[in-house]
Amino acid sequence: MNAADNLLKSGAAAAGWDGVAVIADDETLTYGDLAQRVASYAQGLRGHGVSRGDRVALRLRDSGDLASTLLAIMAIGAVRS
């Protein structure tokens, strides 16, 4: 089971892919937007050599990017530190 996938799919099942998933200061993301961003960020992290079990440090303000990056890290099995 992948926690990121489970969170996205359970949220979308309840609210629909067009339902609001994240409200940040400057943006609102639907579950569909968030899922696309998570997939893109996960691919980017893998492209930089991040893989399962790796530690990933973040320094982001509360935003859609923070939520997307956290879920992408979870999706590839890396660890946020």
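These numbers come from a predicted model, not from an experiment.
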query: What are the two closest non-hydrogen atoms of Ser51 and Ala78, and how far apart are they?
result: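 So the two residues come closest at O-CB, 3.9 Å.
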query: Between Ser63 and Ala24, what is the shortest heavy-atom contact and its length?
result: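 Nearest heavy atoms, Ser63 then Ala24: CA-CB, 3.8 Å.
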field: side-chain hydrogen bond (donor to acceptor under 3.5 Å, both in side chains) partners for Asp26, two or more places apart
entry: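 By the side-chain hydrogen bond (donor to acceptor under 3.5 Å, both in side chains) rule, Asp26 matches Arg61.
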message: Please enumerate all residues that pass side-chain hydrogen bond (donor to acceptor under 3.5 Å, both in side chains) together with Asp18, with sequence neighbours excluded.
response: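 Asp18 satisfies side-chain hydrogen bond (donor to acceptor under 3.5 Å, both in side chains) with no residue once adjacent residues are dropped.
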message: Among residues at least two apart in sequence or on other chains, which ones pass side chain to side chain contact (heavy atoms under 4.5 Å, CB included) with Leu7?
response: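 Testing Leu7 for side chain to side chain contact (heavy atoms under 4.5 Å, CB included), a comparison that skips the adjacent residues, returns Leu71, Met74.
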query: Among all residues two or more places apart in sequence or in another chain, which pass the side chain to side chain contact (heavy atoms under 4.5 Å, CB included) test with Leu70?
result: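 Per chain and number, Leu70 pairs via side chain to side chain contact (heavy atoms under 4.5 Å, CB included) with Leu58, Leu66, Arg80.
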field: From Arg52 atom CZ to Ile76 atom CD1, the distance as rounded to the nearest 0.5 Å
entry: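 Atom-to-atom, Arg52:CZ and Ile76:CD1 are 9.5 Å apart.
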- request: If a pair satisfies salt bridge (Lys or Arg N to Asp or Glu O under 4.0 Å) and one of its residues is in residues 6-17, list it, with sequence neighbours excluded.
  value: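 Passing the test, one end in residues 6-17: Asp5-Lys9.
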task: With sequence neighbours excluded, tell me which residues meet salt bridge (charged side-chain N to carboxylate O under 4.0 Å, His left out) with Asp54.
output: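 For Asp54, no residue satisfies salt bridge (charged side-chain N to carboxylate O under 4.0 Å, His left out) once neighbours in sequence are set aside.
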query: Are any of the side-chain heavy atoms of Asp25 and Asp62 separated by less than 4.5 Å?
result: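 Of all side-chain heavy-atom pairs linking Asp62 with Asp25, none is under 4.5 Å.
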- request: Would you indicate whether the side-chain heavy atoms of Leu45 and Ile73 approach each other to under 4.5 Å?
  value: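 Yes, close enough: below the 4.5 Å cut-off.
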Co-members of Tyr41 in a cluster of I, L, V, M, F, W and Y side chains, linked at under 4.5 Å: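 None; Tyr41 is a cluster of one.
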Would you mind writing out the side-chain donor-acceptor pairs for residues 27-40 within the sub-3.5 Å range, not counting sequence neighbours?
unit_1: Glu27; atom_1: OE1; unit_2: Arg37; atom_2: NH2; d: 3.0
unit_1: Glu27; atom_1: OE2; unit_2: Gly64; atom_2: N; d: 3.2
unit_1: Thr30; atom_1: OG1; unit_2: Trp17; atom_2: O; d: 3.4
unit_1: Thr30; atom_1: OG1; unit_2: Gly32; atom_2: N; d: 3.4
unit_1: Thr30; atom_1: OG1; unit_2: Asp33; atom_2: N; d: 3.0
unit_1: Thr30; atom_1: OG1; unit_2: Asp33; atom_2: OD2; d: 3.2
unit_1: Asp33; atom_1: OD2; unit_2: Thr30; atom_2: N; d: 3.1
unit_1: Arg37; atom_1: NH1; unit_2: Asp65; atom_2: OD1; d: 3.2

